[in-house]
Amino acid sequence: MTIYVSNLADLETHARAVRPDRLISIIQPEFQPPTPNAVSPERHLRVPVHDISEPAPGSVLPERHHVEVIVRFLDDWRAVDSLMVHCLAGVSRSSATALLAHFLTTGDAFASARALRKAAPHAWPNRRIVALADNVLDCRGRLREAVDAMGPASTERLGTLVALPVEG
């Protein structure tokens with residue numbers, strides 16, 4: 001199984017190349033893209049939130065119900081081969097969601113965080129989404145601690161598509 005992380009600009013190209021079984025668009029409402037031709041519309045989850053951790057005028061703050069929807073969508077994705085997640089830049093919201101998906105398979109927050117950092121040195125998971133996932137899944141702070149242990153993100157970006165393998 002593989003979790004792919006993309007940015008918005010290269011989503012169509014990457015979806016065509018990878019042909020993911022599932023797609024999560026975790027991006028502000030005004031940038032929600034059409035479903036790529038390579039993905040079945042019923043396997044495309046749209047989570048319309050901004051990349052913020054505190055309320056901001058005119059923005060959609062990630063909330064508990066957003067994470068609960070993601071968890072339900074991911075409930076059976078492990079029975080398929082691939083998941084693609086994207087946000088605007090492929091750095092924050094999408095990496096938090098990829099971390100969540102990886103953790104749901106492995107059950108090990110620190111191993112998931114290490115795997116994400118190895119696959120995506122530039123990843124900087126949205127702290128609010130991680131904290132919400134930690135609460136929804138009753139992780140007692142493990143997901144937050146694992147993200148803190150990742151250390152700072154690298155400013156060097158190796159490409160626009162990240163492949164995060166999942167062993168589990």
Side-chain angles (χ1 to χ4, degrees), residues 1-53 59-62 66-67 69-106 111-130 132-133 143 146-147 150 152-168:
M1 292 180 286
T2 305
I3 301 166
Y4 296 96
V5 179
S6 177
N7 62 21
L8 175 61
D10 299 312
L11 173 63
E12 183 68 44
T13 300
H14 293 319
R16 193 171 35 253
V18 171
R19 303 192 68 76
D21 296 303
R22 300 279 173 96
L23 172 64
I24 299 175
S25 295
I26 185 161
I27 190 167
Q28 51 266 53
E30 62 271 23
F31 292 150
Q32 283 286 333
T35 301
N37 290 331
V39 178
S40 298
E42 66 275 4
R43 297 192 178 263
H44 183 186
L45 176 66
R46 297 169 184 284
V47 185
V49 297
H50 286 83
D51 189 17
I52 55 176
S53 294
S59 296
V60 180
L61 182 69
H66 294 116
V67 173
V69 167
I70 293 168
V71 169
R72 281 193 303 272
F73 184 77
L74 293 173
D75 189 43
D76 67 347
W77 88 268
R78 294 171 301 279
V80 297
D81 289 331
S82 60
L83 167 71
M84 183 173 281
V85 182
H86 83 89
C87 58
L88 187 62
V91 174
S92 182
R93 290 166 286 186
S94 57
S95 65
T97 305
L99 174 71
L100 172 57
H102 196 280
F103 171 73
L104 286 170
T105 302
T106 67
S112 294
R114 283 191 303 274
L116 177 61
R117 176 56 75 226
K118 182 178 179 184
H122 63 277
W124 192 248
N126 178 288
R127 299 296 173 149
R128 180 165 178 89
I129 294 170
V130 171
L132 289 166
L143 278 173
V147 169
M150 287 174 65
S154 169
T155 56
E156 180 181 348
R157 184 116 185 219
L158 304 177
T160 61
L161 181 66
V162 169
L164 175 60
V166 181
E167 305 289 326

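Model, not experiment: these values are computed from the prediction. In this chain, numbering begins with 1 at the start of the sequence shown.
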State which residues pass salt bridge (Lys or Arg N to Asp or Glu O under 4.0 Å) with [X]; sequence neighbours excluded, sorted by chain then number.
| X | answer |
| --- | --- |
| R127 | D148 |
| R16 | E12 |
| R128 | E63 |

If you apply the rule side-chain contact (heavy atoms from CB on, under 4.5 Å), what do you find for L104 with L100, and how did you get there?
CA-CA 6 Å; L104 286 170; L100 172 57; 4.1 Å; yes
All side chain to side chain contact (heavy atoms under 4.5 Å, CB included) counterparts of [X], not counting sequence neighbours:
| X | value |
| --- | --- |
| A9 | N7 |
| T97 | I24, I26, I70, V85 |
| A98 | I3, V5, L164 |
| A120 | L116, H122, A123, V162 |

Heavy atoms, side chains only, cut-off 4.5 Å: are [X] and [Y] in contact?
| X | Y | answer |
| --- | --- | --- |
| P33 | L8 | yes |
| E167 | T105 | no |
| I27 | P48 | no |
| L45 | R22 | no |
| L23 | P36 | yes |
| V60 | P29 | yes |

Just to verify, which of S95, P125, P121 counts as forming a side chain to side chain contact (heavy atoms under 4.5 Å, CB included) with M150?
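So, applying the side chain to side chain contact (heavy atoms under 4.5 Å, CB included) to M150 and each of S95, P125, P121, only P125 qualifies.
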Under the side-chain contact (heavy atoms from CB on, under 4.5 Å) criterion, do L161 and Y4 qualify, and how do the steps go?
CA-CA 7 Å; L161 181 66; Y4 296 96; 3.9 Å; yes
For [X] against [Y], the heavy-atom pair lying closest together:
| X | Y | answer |
| --- | --- | --- |
| T160 | H14 | OG1-NE2, 2.8 Å |
| A113 | L99 | N-CD1, 3.6 Å |
| G90 | C87 | N-SG, 3.3 Å |
| S59 | I52 | CB-CD1, 3.7 Å |
| S82 | R19 | OG-O, 4.0 Å |

Could you give the distance from [atom1] ([X]) to [atom2] ([Y]), rounded to the nearest 0.5 Å?
| X | Y | atom1 | atom2 | value |
| --- | --- | --- | --- | --- |
| S53 | L61 | OG | CG | 8.0 Å |
| I129 | S94 | CD1 | OG | 9.0 Å |
| H86 | S25 | NE2 | OG | 2.5 Å |
| L83 | F73 | CG | CZ | 7.0 Å |

I'd like to know if the side chain of [X] and the backbone of [Y] have a donor-acceptor N/O pair within less than 3.5 Å.
| X | Y | result |
| --- | --- | --- |
| R93 | V49 | yes |
| H102 | T2 | no |
| Q28 | D51 | no |

For E30, enumerate each residue passing the side-chain hydrogen bond (donor to acceptor under 3.5 Å, both in side chains) test, keeping only those at least two apart in sequence or located in another chain.
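Applying side-chain hydrogen bond (donor to acceptor under 3.5 Å, both in side chains) to E30 gives H50.
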Taking side-chain hydrogen bond (donor to acceptor under 3.5 Å, both in side chains) as the test, write out the residues that go with T35, two or more places apart.
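By the side-chain hydrogen bond (donor to acceptor under 3.5 Å, both in side chains) rule, T35 matches H44, R46.
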